[in-house]
Amino acid sequence: MTETSIVLVLFGSFFVLLLMGAPISISLGVAALASYFYLGENPITFVQIAFTSVGSFPLMALPAFILAGALMEASGISKRLVNLAESFAGPVTGGISAAAVLACMFFGAISGSGPATTAAVGMLMIPAMANRGYDKGYASAVVASAGGLGIIIPPSIPMVIFGISAMGLAVPPEAIEKFGTFQSISISKMFIAGVIPGLVIALSLLVVNYFRCKRLGYKGTDEGWDFKHIARTMRSGFWSALAPLVILGGIYSGFFTPTESAIVAIFYTLFVGAFIHRELTWSAIFRSLETTTWLSGRIMLILFCATVFGRLLIENNIPAIVADSMLSLTDNIYLIWFLIIIFLLFVGMFMETLAAIMILTPVLLPVTYNLGIDPVQFGIVMICCLSIGFATPPLGENLFVASGISKVSLEEITVKALPFTLSSTVAVFVIAYFPEISLYLPRLFGY
């Protein structure tokens, strides 16, 4: 029984189900189960592998971060962060749209989700930009493009999923023989490594925004900076701005793990929302719990099925075949990076981010090991590539969210988001070709 036949059964049934309109979790699960039957293996193994996949300690951070993000929106923290960013817009060309990018960075340090960041920031910033004379389509494109920062700026749900997917993979012996030992992967390390790449992509968006606003005539306020207004928003947003510092500061200092930091974030948000802002109601808490339950269940189901799918790939030596195929084309590390990035950008257009990470990590990580690429750097590049998929059709979740808020057609937002997509892609190549962008901070913190 050749590897070719099992690949045809596994991927053939997966893509047929997707084309039929089946949800990605069902497509993954049914394809994996069909392969088990084809191989004549006991389907009970399917359930055992899947159950083990959702029992890891780091995975506890997932629902906790989702709940923290939902509570922060309900308690007024996200609104104050956006207001704080907007107050710095002032007379700068394209200032308020630049503030939208900064607001996405702030909220990304809380939510860990691209669509959640787009929704939270877009609800406030798209109308604010429209009031300043911005075209609604352009305003929507800015927020949809910057919303992808939600999964790069830590804490990040995809980073948790990548960490879980990669920690179980052994380094190929030939890679160790050629390059020596590789550093281990941890979620804390991924969080620290994501900071500078997130800033690089944000900077690329800000540069494009400035030149486009200059060409379109979107100027700042004539009155200059209102320092009294800035002081008011800073006072009002003090506890909100402290939230990312508490969460990330605790992780980076080693005071608590990412899983523990998510619990700290929940209690911090409950305290600020109930006793300082006094905006958190019981109904809002129940809505947040409902959102968390729905999103966590959806992610767990994908994880459940994708783990079995990935295990089948490994057991049938598919990653090694892919690695050999790519290395037979070229052993030039820059060319391999080019192929990987283009492939990931393409996948991001069609596949849900978490499913893509869980399916492709076991396939592509061995390729990068065989080239001596650091696994943490690969994880960051992968997440950066997939973050661009949030603003590219046909899946483009951020585009749908922004379109729903602004009532502008999806096609118009997509066209106006293209320059931002190109600038983010250039930034990803820079991050891939200069490893220190991802690895400097983890090294500085002693990892």
Side-chain angles (χ1 to χ4, degrees), residues 69 72-73 77-111 113-153 198-221 225 229-230 233 237 240-241 244 387-388 390-391 396-408 412-414 416-421 423-424 427:
M72 284 179 183
E73 192 167 356
I77 287 179
S78 58
K79 179 176 68 179
R80 285 169 173 80
L81 285 174
V82 172
N83 290 340
L84 182 61
E86 188 185 350
S87 70
F88 285 99
V92 178
T93 298
I96 193 165
S97 47
V101 176
L102 296 175
C104 286
M105 285 178 60
F106 279 135
F107 195 76
I110 293 171
S111 75
S113 162
T117 300
T118 305
V121 175
M123 290 290 286
L124 298 164
M125 293 302 283
I126 291 174
M129 283 188 267
N131 290 338
R132 294 272 187 99
Y134 280 66
D135 172 70
K136 270 194 171 184
Y138 180 78
S140 303
V142 171
V143 175
S145 302
L149 293 169
I151 70 165
I152 305 170
I153 302 290
L199 294 175
V200 169
I201 291 181
L203 181 63
S204 75
L205 295 174
L206 289 169
V207 169
V208 170
N209 173 69
Y210 175 79
F211 286 108
R212 289 186 75 191
C213 286
K214 196 170 183 179
R215 187 171 61 81
L216 295 167
Y218 297 147
K219 297 179 180 176
T221 56
W225 276 286
H229 176 58
I230 292 172
T233 56
S240 302
S387 76
I388 296 172
F390 282 115
E397 293 168 83
N398 288 3
L399 297 173
F400 286 99
V401 173
S403 176
I405 293 168
S406 64
K407 309 301 179 197
V408 174
E412 184 182 339
I413 298 172
T414 301
K416 289 175 178 173
L418 280 176
F420 295 111
T421 301
S423 71
S424 298

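Nothing fancy with the numbering, it's 1 onward along the sequence.
One distance of note links CE of Met105 with CG of Leu206; it measures 8.0 Å at 0.5 Å rounding. In this structure, CD1 on Ile96 lies 12.0 Å from CG on Leu102, to the nearest 0.5 angstrom. How far OG1 of Thr414 is from CG of Leu399: 4.5 Å, rounded to the nearest 0.5 Å. The OG atom of Ser97 lies 3.5 Å from the OH atom of Tyr134; values are rounded to the nearest 0.5 Å. The structure places OG1 of Thr118 at 8.0 Å from CZ of Phe390, a figure rounded to the nearest 0.5 Å.
Taking each heavy atom of Ser145 and Ala417 in turn, the nearest pair found is OG-CB, 3.8 Å. Heavy-atom minimum distance, Ala402 versus Ile126: O-CD1, 4.3 Å. Across all non-hydrogen atoms, the minimal contact from Ala100 to Met129 is CB-CE, 3.9 Å. Minimum interatomic distance between Ile153 and Gly198 (heavy atoms only, all atoms of both residues): CD1-CA, 3.8 Å. When all heavy atoms of Pro419 and Val208 are compared, the closest pair comes out as CB-CG1, 4.1 Å. Closest approach of Val408 and Ser403 over heavy atoms only: O-OG, 2.7 Å.
Looking at Ser204, its side chain does come within 3.5 Å of a backbone N or O of Ile201 through a donor-acceptor pair. Formation of a donor-acceptor pair under 3.5 Å by the Tyr210 side chain with backbone atoms of Ala98 is not found in this model. Between the side chain of Arg212 and the backbone N or O of Lys416 there is at least one donor-acceptor pair closer than 3.5 Å.
Put simply, the side chain of Asn398 reaches to within 4.5 Å of the side chain of Pro115, judged on heavy atoms. Side-chain contact between Val101 and Leu149 is present, with heavy atoms from C-beta onward closer than 4.5 Å.
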Under 3.5 Å, which donor-acceptor pairs do the side chains of residues 136-143 form with other protein atoms, sequence neighbours left out?
residue: Tyr138; atom: OH; partner: Asn209; partner atom: OD1; Å: 2.8
residue: Ser140; atom: OG; partner: Lys136; partner atom: O; Å: 2.8
residue: Ser140; atom: OG; partner: Ser406; partner atom: OG; Å: 2.8

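Qualifying side chain to side chain contact (heavy atoms under 4.5 Å, CB included) partners for Pro127, counting only residues two or more places apart in sequence or in other chains: none.
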